[in-house]
Structure formats: structure tokens, C-alpha cells
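To start, the structure under review is shown below, and the notes come after it.
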Amino acid sequence: MTAPRILVLGTGGTIAGAGAAGTGSAYRPGGLALEVLIDHLAALGLAAQLVPQEIARIGSQDMGWPQWQALHAACTAALADPAVDGVIVTHGTDTAEETGFLLDLTLPATKPIVLVGAMRAADAVGADGMRNFANAVKVASDPAAGGRGVMLVMGDAVLAARDARKAATSAIDAFRTFPRGPLARVTPSSLDWFAPPHRLGEGARYPFPTELPRVAILTAGAGMDAKPVEALLGIGARGIVLAGMGQGNAPRVVLEALAACAASGVPVVRAARVDEGIVDRNVEVDDDTLGLVAARALGPAKARMLLMVLVANGITDAGAVQAAFDG
Ligand code: GLU
């Protein structure tokens, strides 16, 4: 049997971090070339053929449109290439949820596409990157990994990109997943899926945009007024995600200003600044009357990505936006 051929798209992040004193905390994300990472991995003797392609060498706080375009193009080519069995994207953990979800929304769910990161730089004591990378190879090499959408491999778990979020700044076990739990448990030598693939053969949910519109996240705070909403409209926001209190709440004046945005054709989605949970329609906020959309299970960062994709594809009507968030 020939070893699976895996395209490895490097973007940087802590998994490629270097320059740390082994016991210190300072380092430079993306300091290590992708080839060096792959050499380290090859020394582990994994049964896979890894083909490197460097997209960027950055901290993922600088991830944006040019890198997303390049990643999407490379993944699209790999999905169409019969010689490629799967794709791994090495990525900083800060914005892995944004990149993973954008790719999940805009790529077909055929072959496995796996994001992987690390919480400790490659030369730090107790570095987790090689373990996570070896786990990602195990996942991307498994034919049963197709049809599950884009995934994130961290801490011996496989998470759906749609569900995963970074919930701790430095803990090694930094990611949580909601509303579903992990899709699988993985080690370099074992992989146990908890359910069958749910998107077998599915095409891309949305076309990849030709540009990303400005969609802003507005965090609600007690005692705030409506001026920040006016400021966002003033800089040309084409969509607003409210990171609201509790189940997506905000002071009355803010909700009134957001309703005016919605009425003027700028869609408004209510998410929660609370770490986890569903934001439902018409609980304390009368979404039907105000023309607002409830983010349901998506937190603010992912709600912003979905709203950008929707607006870019001309979907701005509150009912259609709500249907996308319900889906
Ligand atoms: N801020 C950097 C990034 O997201 C480092 C954090 C990490 O990768 O864990 O790329």
C-alpha cells in the first residue's frame, strides 16, 4: 500500500514558533520554516508523504484576506488533484476558528482538511506542536476523515471547525467545542471516530467571495450608548455582529440603533459575549419587530465570518441571514 500523500500548507503560528529560551515565554510565531517542521516530523517515521507549501509565516492575528485567498486556492487545487489524499494547514491558534470556519463554509467536504496548531513554541519545554502535527497526519491520512467538514486537531482531539473556539490564552488544553463535542480522539497511533461522516460528498455551502465586506463586532457593555453603532455605520460597516450580554442582549438605546441599521439594509446578528451557549430568537429581544438575527450556536468571531460570506454573496435579508445561521 502506498503512503497517503498529504499537502501541508504552512502559515506560521506557535507550532512554527522559535526563538524561545526553552523555559521562557517569549518567542516569535512563524519563526521556523515549514520544511524544518516537516523534517522534524519525518524523523518520527510516520507512514505519510508530506508535501510542503508555504502560504505565510505569520502570527495568526495577522491572518486576513490575502492568506485566506491563497489557502482556499491551494485547498481547491488539492481537492481536485487525485494524487492528494488530504490537506493539513499549520496555523496559529488565535484565529484558527476564523480560518477553519471560512474554509468549512466555502470548500466541498470531500477529502480531509485539517488545521493544526500548538500552544507552546517548537523549542519550548513540553512543546505540543509535534504531537499535534503527528495527530493531524493520522487524521488527514484516514479515508474516513472525509465528509466531516474542515477539522481542527489539538490536544489529542478532533474538533469540527464550525464548533471549535479558543477558550484559554495559554493552557495547553485551550480549545472547547460547542454545541457538539469532539468528532474523534486521536494519537499518533490511534484514531477513534464517534459518529459517521455527516457531509459525505457535499459541495461548498457558499461560493468563496471575491472580496470580504467590512463586518464589525460590537461588544455590549453596561451603561454604553448608541454612539459606537453610529461610528460603525460611519466607517461603512456592511454588517454588524453584536457580542451581547447574556443571550445577546444590549441596552435599549443600542438595540434601537441596531434596529435602524437593519432597517437601512445593514444586517445585524446578535451573538453573545458569554463564552458558550445558544442565542435564540425573541427571548428578551423582539427580533421579529426589530429585524435582527439570532446567532444561535455561533460565537461572535464565527458569526462575523458567516455574515461576511453572506453579505459578499448578496444575502442581507434578515430572514435569509437567519436561515443561514439556523442551518
Ligand atoms: N498569536 C500567535 C498565533 O495565533 C501565537 C498563538 C498560537 O499559535 O498559539 O499565531
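Because the structure is predicted, anything quoted here is derived from the model rather than measured. Just follow the structure's listing: the first ligand is 1, and inside any ligand the first atom is 1.
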Open item on the list: Looking at Met119, is its backbone amide N or carbonyl O close enough to the side chain of Asp128 to form a donor-acceptor pair, meaning the two atoms are under 3.5 Å apart?
Closed with: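 Checked: pair present.
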
- Query: Ignoring hydrogens and geometry, is there a side-chain-to-backbone donor-acceptor pair from Arg270 to Gly248 under 3.5 Å?
  - Reply: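 Yes, because the side chain of Arg270 sits within donor-acceptor range (under 3.5 Å) of the backbone of Gly248.
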
- His72: which of Trp65, Phe208, Tyr206 passes ring pair (Phe, Tyr, Trp, His ring centres under 6.0 Å):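 With His72 as partner, Trp65, Phe208, Tyr206 yield a single ring pair (Phe, Tyr, Trp, His ring centres under 6.0 Å), made by Phe208.
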
His91 versus Thr11, side-chain donor and acceptor atoms under 3.5 Å
no

Closest non-hydrogen atoms of Gly299 and Ala271, given as atom of the first, atom of the second and distance, are C-CB, 4.2 Å

| query | With hydrogens left out, which residues have an atom under 4.0 Å from ligand 1, given that only heavy atoms count? | reply |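 Those residues closer than 4.0 Å to ligand 1 by some heavy atom are Gly13, Thr14, Tyr27, Gly59, Ser60, Gln61, Gly92, Thr93, Asp94, Ala118.
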
When you measure from the centre of the six-membered ring of Trp193, is the NZ or CZ of Arg185 under 6.0 Å away and within 45° of the axis?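 No, Arg185 and Trp193 do not form such a contact.
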
